[in-house]
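Numbers for residues simply follow the sequence, beginning at 1. None of these values were measured; they are calculated from a predicted model.
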Amino acid sequence: MGQRLRILDAGMGQGTQALRLARAGHTVTGLEADEALLRAAREALAGEPAGIRERVRLLQGDGSETGVHFLPGSFDVVLCHGVLMYAEEPDAILAGLARMLAPGGLLSLLVRNGDALAMRPGTGGDWRGALSAYESATDVDRFGQRVRADRLAELTATLAGIAAPLQAWYGVRVFTDNVPSEVGLPPADELELLLAAEEQAGRTEPYRRVAALLHVCGVRG
């Protein structure tokens with residue numbers, strides 16, 4: 001097994017990602033503000049073997065409260081996936097998350113791509129929506145909720161300002177963003193091809209720039 005890391009999953013949801021990392025041998029702290037999601041995460045954790053349960057700590061709170069729960073430099077990796085799009089003050093949250101990183105630690109973000117907001121309505125034939133999206137800083141998620149979007153250049157500047165400069169970034173959901181949530185997974189062989197195509201696109205110019213989401217990684221200096 002490789003290096004065992006101290007990981008903070010800020011806004012962990014139902015804990016799917018946190019449990020996967022704990023199964024891989026890492027020590028994981030999950031932070032979630034929503035009581036229902038936190039309860040679901042605790043129920044899922046209760047079904048895991050003792051060796052995995054002892055590597056996971058679940059707390060109620062959000063990314064703006066990291067200073068209340070943890071000392072600076074407490075983690076090797078901080079994850080904040082699908083959270084900033086719902087935040088009113090993302091810069092303050094990012095600064096707090098970066099302070100939790102040990103030197104050389106990784107800050108992993110998954111955000112709405114503000115440079116590609118016209119793609120979903122445009123590829124869906126909604127021309128009015130596509131035209132209005134060019135000047136927008138927000139989007140609508142799959143649940144109909146209005147969410148923030150981040151532009152790569154602005155996020156890069158923010159990461160530099162909080163001493164966790166950008167190291168790598170990827171596109172997520174290049175080809176599949178318009179697939180309705182209720183559509184089931186394709187057969188296994190087709191799913192394997194789909195995932196391979198998405199992974200390749202997410203790493204390749206110019207495709208990654210029109211992805212629905214950006215996976216952005218900064219490293220603490």
Side-chain angles (χ1 to χ4, degrees), residues 3-22 24 26-42 45 55-115 137-139 141 145-170 172 213-221:
Q3 181 183 4
R4 295 191 176 187
L5 302 171
R6 301 166 298 164
I7 300 175
L8 171 63
D9 189 354
M12 67 170 175
Q14 298 181 18
T16 303
Q17 181 175 249
L19 291 181
R20 184 176 296 133
L21 291 166
H26 304 297
T27 300
V28 184
T29 299
L31 194 62
E32 175 55 54
D34 186 276
E35 291 184 4
L37 292 175
L38 182 60
R39 183 167 54 251
R42 285 173 172 159
L45 178 60
R55 288 198 293 270
V56 180
R57 180 187 181 199
L58 304 181
L59 300 173
Q60 185 165 15
D62 61 36
S64 66
E65 301 172 342
T66 51
V68 175
H69 298 288
F70 317 113
L71 293 174
S74 295
F75 298 97
D76 305 303
V77 177
V78 172
L79 310 176
C80 186
H81 293 173
V83 174
L84 293 182
M85 60 187 70
Y86 300 102
E88 294 183 3
E89 299 182 0
D91 288 357
I93 292 176
L94 284 174
L97 294 177
R99 283 194 293 271
M100 298 301 106
L101 287 169
L106 175 71
L107 177 60
S108 175
L109 309 173
L110 187 67
V111 301
R112 181 72 59 177
N113 183 8
D115 292 319
T138 63
D139 196 9
D141 68 10
Q145 184 173 349
R146 179 66 58 178
V147 296
R148 291 181 52 263
D150 288 284
R151 297 185 182 277
L152 181 62
E154 296 170 356
L155 195 53
T156 299
T158 298
L159 290 173
I162 60 175
L166 179 72
Q167 295 294 309
W169 68 276
Y170 311 91
V172 178
L213 306 171
L214 298 178
H215 180 197
V216 177
C217 301
V219 173
R220 183 75 166 172

Between Asp76 (side chain) and Arg6 (backbone), is there a donor-acceptor pair under 3.5 Å?
-> yes

Check the pair Leu109 / Leu94 against side chain to side chain contact (heavy atoms under 4.5 Å, CB included), numbers first and verdict last.
-> CA-CA 9 Å; Leu109 309 173; Leu94 284 174; 3.6 Å; yes

Judged by atom type as modelled, is there a donor-acceptor pair below 3.5 Å linking the side chain of Arg151 to the main-chain atoms of Gly114?
-> yes

Roughly how far, to the nearest 0.5 Å, is the CG atom of Leu84 from the NE2 atom of His81?
-> 10.0 Å

Minimum side-chain heavy-atom gap Met12-Leu58 below 4.5 Å | yes

What is the minimum heavy-atom distance between His69 and Gly61, and which atoms define it?
-> NE2-CA, 4.5 Å

Give the minimum heavy-atom separation between Ala164 and Ala98, together with the two atoms involved.
-> CB-CB, 4.5 Å

Atom pair CG (Leu31) and CD (Glu65), whose distance is rounded to the nearest 0.5 Å | 7.0 Å

Check whether any side-chain heavy atom of Met85 sits under 4.5 Å from a side-chain heavy atom of Leu213, and report yes or no.
-> yes

From OG1 (Thr156) to CG (Leu166), nearest 0.5 Å | 4.5 Å

Decide yes or no for Leu155 and Trp169: does some side-chain heavy atom of the first lie under 4.5 Å from some side-chain heavy atom of the second?
-> no

Are Leu106 and Val219 close enough that some pair of their side-chain heavy atoms sits under 4.5 Å apart?
-> yes

Any side-chain heavy atom of Leu79 within less than 4.5 Å of one from Leu21?
-> yes

Quick one: closest heavy-atom pair of Ile93 and Ala87, and the distance?
-> CD1-CB, 3.6 Å

Donor-acceptor contact present, side-chain Arg4 to main-chain Ala24, <3.5 Å | no

OG1 on Thr29 to CZ on Arg55, rounded to 0.5 Å = 13.0 Å

Just by modelled atom types, is the Thr138 backbone N or O under 3.5 Å from a matching donor or acceptor in the Arg112 side chain?
-> no

Rounded to the nearest 0.5 Å, the CZ atom of Arg57 sits from the CG atom of Asp9 at a distance of 14.0 Å

Is a donor on one side and an acceptor on the other found under 3.5 Å between the side chain of His26 and the backbone of Leu5?
-> yes

Classify the ring geometry between Phe75 and Phe70 as parallel (under 30°), tilted (30 to 60°) or perpendicular (over 60°).
-> perpendicular

Would a 4.5 Å heavy-atom cut-off, applied to side chains only, mark Glu89 and Ser64 as touching?
-> no

Quick one: are Val83 and Asp62 in side-chain contact, heavy atoms under 4.5 Å?
-> no

Without swapping roles, check the side chain of Arg220 against the backbone of Leu107 for a donor-acceptor pair under 3.5 Å.
-> no

Minimum heavy-atom distance Ser108-His215, with the two atoms named = OG-NE2, 2.8 Å

Gln14 vs Glu32 side-chain heavy atoms within contact, under 4.5 Å | no

Would you check if the side chain of Gln60 reaches a backbone N or O of Ala33 as a donor-acceptor pair within less than 3.5 Å?
-> yes

With Val77 as partner, the option from Val28, Ile7, Leu8, Leu101 fulfilling side-chain contact (heavy atoms from CB on, under 4.5 Å) is Ile7

Drop me the distance from Leu71's CG to Thr66's OG1, to the nearest 0.5 angstrom.
-> 11.0 Å

